[in-house]
Amino acid sequence: MKFGILINEGPFTHQASDSAYRFVVAALAKGHEIYRVFFYNDGVYNANKLSEPQTDDRNLVALWSALAEEHSLDLVVCVAAALRRGIKDEVLKDGFRISGLGQLVEAGIQADRMVVFGD
Amino acid sequence: MKFGILINEGPFTHQASDSAYRFVVAALAKGHEIYRVFFYNDGVYNANKLSEPQTDDRNLVALWSALAEEHSLDLVVCVAAALRRGIKDEVLKDGFRISGLGQLVEAGIQADRMVVFGD
Amino acid sequence: MEDFDDDGPEIIKRFMYVNRRAPYGTIYALECLEVVLVAAAFDQDVSVVFVDDGVCQLKKNQDTTEIGMKNFSRTYGALDDYDVEKIYVEKESLEARGLTVDDLVIPVEVVAAAQLQVIMAQQDVVISS
Amino acid sequence: MEDFDDDGPEIIKRFMYVNRRAPYGTIYALECLEVVLVAAAFDQDVSVVFVDDGVCQLKKNQDTTEIGMKNFSRTYGALDDYDVEKIYVEKESLEARGLTVDDLVIPVEVVAAAQLQVIMAQQDVVISS
Amino acid sequence: MSSMLHIVNKSPFDRNALDSCLRLAGSGSAILLIEDGVYAAVAKAAQADKITGRMGDCSFYALGPDIAARGLSDISLIDGIQVVDYEGFVDLVAEHGATQSWL
Amino acid sequence: MSSMLHIVNKSPFDRNALDSCLRLAGSGSAILLIEDGVYAAVAKAAQADKITGRMGDCSFYALGPDIAARGLSDISLIDGIQVVDYEGFVDLVAEHGATQSWL
């Protein structure tokens with residue numbers, strides 16, 4: 001089955017991105033396809049490559065990036081939400097791309113299920 | 001009277017930074033002193049100079065920076081909260097400085113009143 | 001605007017955008033509206049629901065001058081221009097907040113919770129924020 | 001550690017740190033704990049309050065292995081080493097959540113809302129998150 | 001030290017912040033509603049009795065700019081709630097003891 | 001289309017998300033508690049009757065990893081709530097129709 005994922009909060013402050021990450025890992029393990037992960041609202045902060053958690057903490061920016069490389073995931077950061085929050089190409093982690101809200105709607109159309117993670 | 005201000009949320013997603021900004025402007029207009037504005041939790045995102053709001057929207061990063069210059073405000077971004085969220089010197093707006101949590105406690109000691117703005 | 005007709009047979013799904021937050025205190029109301037305006041350009045069956053504090057987004061006479069934030073309440077009027085016509089407001093939420101349809105900035109369909117249960121259950125995609 | 005004695009007569013204020021949020025769902029519990037550990041090094045009168053979902057921060061037997069987040073519940077035990085001894089838990093909040101003091105990871109003083117009113121009213125600085 | 005100022009910035013419909021504030025604010029406290037907290041000031045709202053129940057021993061304020069932003073200027077507020085602007089907010093902080101924000 | 005899956009990630013003490021979900025979830029819905037939503041699953045909690053009141057016509061699930069993280073593994077949960085792991089979460093999404101998150 002094809003899943004679309006929407007993440008509305010950044011790493012750290014809310015558990016949303018953690019929960020989404022673990023959901024995606026579990027879905028892939030079960031043989032499902034992840035059509036797209038769309039980052040909206042503060043979710044765009046998940047793509048900030050300058051993020052440097054404490055060494056004994058998880059690093060969601062790196063985890064998403066590595067998962068994208070391993071499974072060819074399409075991680076899309078909303079351009080409008082990102083621009084106002086200062087997430088631009090110069091701080092964008094490998095594996096993420098910036099695009100428009102149409103990509104969220106398209107994920108809703110193409111995926112069999114859409115799951116939203118937020119605050 | 002000397003006020004200390006604590007801001008726990010970033011620009012845009014919550015009104016906290018807007019409310020704090022308007023409070024500080026009003027306090028200055030009434031002749032009060034702002035001992036320090038401390039940015040904690042997601043509040044550190046207020047210092048991201050890459051932030052580029054729509055042209056018809058307010059730009060809190062720029063507003064805080066300009067207010068700091070005009071009134072010699074001490075805008076302190078918590079280093080621990082900032083590091084994990086990827087707010088570092090290379091994206092730090094003029095007028096903000098990065099320092100430790102002791103600066104928050106010190107503001108509590110030195111200011112006559114501490115006001116917290118958050119989610 | 002993107003056109004996915006070339007990708008295969010056209011898919012038309014029922015999309016529901018659920019608003020449960022007050023405006024200005026958080027950005028969710030505004031950023032959800034931005035999604036709906038984009039979504040309207042796709043050839044899908046779109047509905048927008050206002051429930052809980054979401055009904056406050058539609059209150060008339062918003063004036064944000066003194067808080068310095070952009071007043072986006074007039075933009076709801078554009079939903080009609082974008083052919084977004086299924087706009088539901090939950091009756092119980094409206095009443096609990098001391099509001100009536102006369103207080104709202106656009107015409108809406110007021111539905112009781114029991115009706116909204118049915119409408120929600122018919123959706124293919126539910127986007128909340 | 002900073003020392004402000006040289007700046008003039010020593011000021012000792014009553015600082016209260018108020019925890020009203022559950023752990024892990026949001027970072028506020030962890031980042032508030034980080035503030036308290038720094039604050040303890042200053043020569044001030046520090047108290048920490050757990051009220052509403054904040055009482056859940058102190059629940060024993062937290063195991064975060066499967067959610068992949070750092071388990072910081074043992075760090076509350078360090079408050080005593082830092083001479084933070086005024087740790088209050090609101091009785092009403094604890095009971096509403098089906099918990100008792102035996103469920104908590106550190107010894108605390110359980111206070112009723114009426115007592116907590118008095119303690120809060122004595123503070124000079126209240127930091128909430 | 002004079003009485004405390006409590007600040008509530010959350011809708012009483014969405015969160016428990018106002019409930020907790022009213023439970024833990026001592027007699028004589030000042031309570032200021034800002035941001036989404038101003039929805040608690042609406043006279044006809046289902047939650048209005050929460051505030052009227054403490055009107056006798058606490059003083060209540062609401063931030064006018066937040067009321068206007070949310071379109072509540074044409075709505076009746078609970079009798080006895082005083083509307084202040086940002087300068088009034090500053091005065092409230094200065095005139096009271098510690099300030100507590102119920103985030 | 002089969003019945004909906006509703007996801008609640010908020011504490012029932014702090015927010016109105018569970019209340020709204022229970023009011024608007026149709027008969028036959030599945031309701032999954034994740035993150036701080038798992039506090040609603042505690043049998044002795046003051047809010048427990050909210051869920052027991054819908055136990056007859058909805059099915060309830062709670063995410064085990066979030067229960068364990070919050071130290072609730074040694075606490076009695078409401079009878080009838082099924083504990084699932086992340087793979088069970090994925091199955092619930094796949095087996096139901098649309099998913100609605102009560103943020």
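Keep in mind the model is a prediction, meaning the values are calculated, not measured.
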Atom NZ of D/K91: over 12 foreign heavy atoms under 6.0 Å: no
Write down the atom of B/N41, the atom of D/S129, and the distance for their closest heavy-atom approach. OD1-CB, 4.2 Å
Please list, in residue-number order, every residue in residues 46-55 of chain B that has a heavy atom less than 4.5 Å from any heavy atom of chain D; write 'none' if there are none. none
Can you say whether D/Q44 sits under 4.5 Å from chain B via the side chain, the backbone, both, or neither, judging by heavy atoms? side chain
Any side-chain heavy-atom pair from B/Q110 and D/I11 closer than 4.5 angstrom? yes
Mind listing the closest non-hydrogen atom pair of D/F15 and B/I109 along with its distance? CZ-N, 3.6 Å
Is B/E69 atom CD crowded by more than 12 heavy atoms from other residues, nucleotides or ligands, each under 6.0 Å away? no
Do you know which of B/V105, B/V115, B/V116 has the most heavy-atom pairs with chain D at a distance under 4.5 angstrom? B/V105
Would you call D/E34 and B/Y40 a side-chain contact if the rule is heavy atoms closer than 4.5 Å? yes
Non-hydrogen atoms of B/G108 and D/K13 that approach each other most closely: O-NZ, 3.0 Å
CZ (D/F42) and CG (B/L104) are apart, to the nearest 0.5 Å, by 9.0 Å
Chain B neighbours within residues 17-27 of chain D, where any heavy atom lies under 4.5 Å away: D/Y17, D/R21, D/I27
